[in-house]
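In what follows, every chain begins at residue 1, and chains take the letters A, B, ... in the order their sequences are listed.
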There are 2 protein chains.
Amino acid sequence: MSNKYESLKLENQLCFPLYAAAKEIVRKYKPFLDEIDLTYTQYITLLVLWEKKEMNVKALGECIYLDSGTMTPLLKKLESKGYIERKRMPNDERNVLISITAQGEELRDKAVDIPNKIGSCVKLEPSEAMELYRLLYKVLGNIES
Amino acid sequence: MSNKYESLKLENQLCFPLYAAAKEIVRKYKPFLDEIDLTYTQYITLLVLWEKKEMNVKALGECIYLDSGTMTPLLKKLESKGYIERKRMPNDERNVLISITAQGEELRDKAVDIPNKIGSCVKLEPSEAMELYRLLYKVLGNIES
DNA sequence: CACAAACAAATTGTATACAATCTAATCGTA
DNA sequence: TACGATTAGATTGTATACAATTTGTTTGTG
């Protein structure tokens, strides 16, 4: 009973489980992130800043695949919470340098258990998790070009 | 140089490429969906209705992992475009039955090429696409419970 | 040096998402 | 059969996302 609309079946679309799984897993983070008063996007922004300490808005946005329209209000929010600082760079006033504050650093200790808590609810074999990881980055790489 | 924050590195988080890949691939749909004046969420809603013809709001939302807060305005939009009808069911007035219209059916022919166009920019081997599909549904299944 | 092109952020407008709450209808059971 | 519990959908409020445009700065080139 295949027909010309076969390709339009939800079950034949790779994009759909990708979209749904991403949404559901981000939702799984919510109770843990609520405890430290962060949203998921704020959390991944801090993941980068915890490692790199400072970065301009554009570079930060490229790391996490978000544009200035999303980053600007997000960063203002994190600034208002005291976790980051934003300042125009004197040598090139077009750039805004984002840097982690001492208060932002403190939050890192409270976040350190979150990945394990999430990992335990995804419940993939290590080899499967690695393969999923590899395939997702392959998709990401292919899409960019 | 591993430390107690190792788990917080962006590159060690399975969730991040999932989140980013989903976002990027949905964005890839945009030019094709623009041509038929649909958003991605409207598109997956119609994918279900093209197959099932009619369904109440709750069942439809469960199919695509969206709650009534998202579905209600979405369905009103599709109704205003003439692609679906919404009507309270007489036997149980709590339910709103969504059904595809003739105009909605017509749109199906215009959408039929979209999956191939997207597939060609994801560029996975068929075996890889199948494995990714399997792993994503495994994650989805594990998260639900 | 002038000035158009390029660039980084910010702004604007639209469309999700989803938690929490509310309303109306129906169910279950004492 | 009354009525509390449950259910479906709608509403409210907050936070993304992103295209398109705007603003201000810097760069490159004639």
Judged by each residue's nearest nucleotide on DNA chain C, which is more toward the 5′ side, R94(B) or V96(A)? V96(A)
Return the 5'-most residue of the pair M89(A), S68(B) with respect to DNA chain D, ranking by each residue's nearest nucleotide. S68(B)
Which residue lies toward the 5' end of DNA chain D, V26(A) or D92(A), if each is placed at its nearest nucleotide? V26(A)
Where do Y133(A) and E128(A) land on the side-chain hydrogen bond (donor to acceptor under 3.5 Å, both in side chains) test, with the steps shown first? CA-CA 8 Å; Y133(A) 183 94; E128(A) 288 180 323; over 6 Å; no
Do other residues, nucleotides or ligands put more than 12 heavy atoms under 6.0 Å from K138(A) NZ? yes
Show your working on salt bridge (charged side-chain N to carboxylate O under 4.0 Å, His left out) between E79(B) and K76(B) and close with a plain yes or no. CA-CA 5 Å; E79(B) 183 184 41; K76(B) 284 182 178 172; over 6 Å; no
Between C1' on dA8(D) and CE on M55(B), what's the gap in Å once rounded to a whole number? 16 Å
Which whole-number value in Å describes the distance from L60(B) CG to dA10(D) P? 12 Å
In whole angstroms, the gap separating C1' of dT26(D) from CG of N95(A) amounts to 10 Å
Can you check the L75(B) CG to dT11(D) C1' distance for me, whole Å? 15 Å
Salt bridge present between E24(B) and K28(B) (N-O < 4.0 angstrom): no
Would K23(B) count as a cation-pi partner of Y19(B), with NZ or CZ less than 6.0 Å from the six-membered ring centre and within 45° of the ring normal? yes
Identify, between N91(B) and M71(A), the residue whose nearest nucleotide on DNA chain C lies closer to the 5' end. M71(A)
Classify T41(B) by what it touches in the nucleic acid, base, sugar-phosphate, or nothing, heavy-atom distance under 4.0 Å. sugar-phosphate
Do L135(B) and M130(A) share a hydrophobic cluster, counting only Ile, Leu, Val, Met, Phe, Trp and Tyr and linking them when any side-chain heavy atoms are less than 4.5 Å apart? no
For a quick check of understanding: with a heavy-atom distance under 4.0 Å over all strands, which category does T70(B) fall into, base, sugar-phosphate or nothing? base
Separation of dT21(D) atom P from D67(A) atom CG, nearest Å, is 14 Å
Spacing of K58(B) atom NZ relative to dG9(D) atom C1', expressed in whole Å: 10 Å
Could you tell me from which nucleotide to which nucleotide of DNA chain C, 5' to 3', there is an atom under 4.0 Å from chain A heavy atoms? dC7(C) to dA19(C)
What's the verdict on salt bridge (charged side-chain N to carboxylate O under 4.0 Å, His left out) for E105(A) and K53(A), showing C-alpha distance, side-chain angles and the deciding distance? CA-CA 9 Å; E105(A) 288 284 4; K53(A) 306 309 175 197; 2.8 Å; yes
Quick one: is dA10(D) close enough that its OP1 or OP2 comes under 4.0 Å of any side-chain N or O from R86(B)? yes
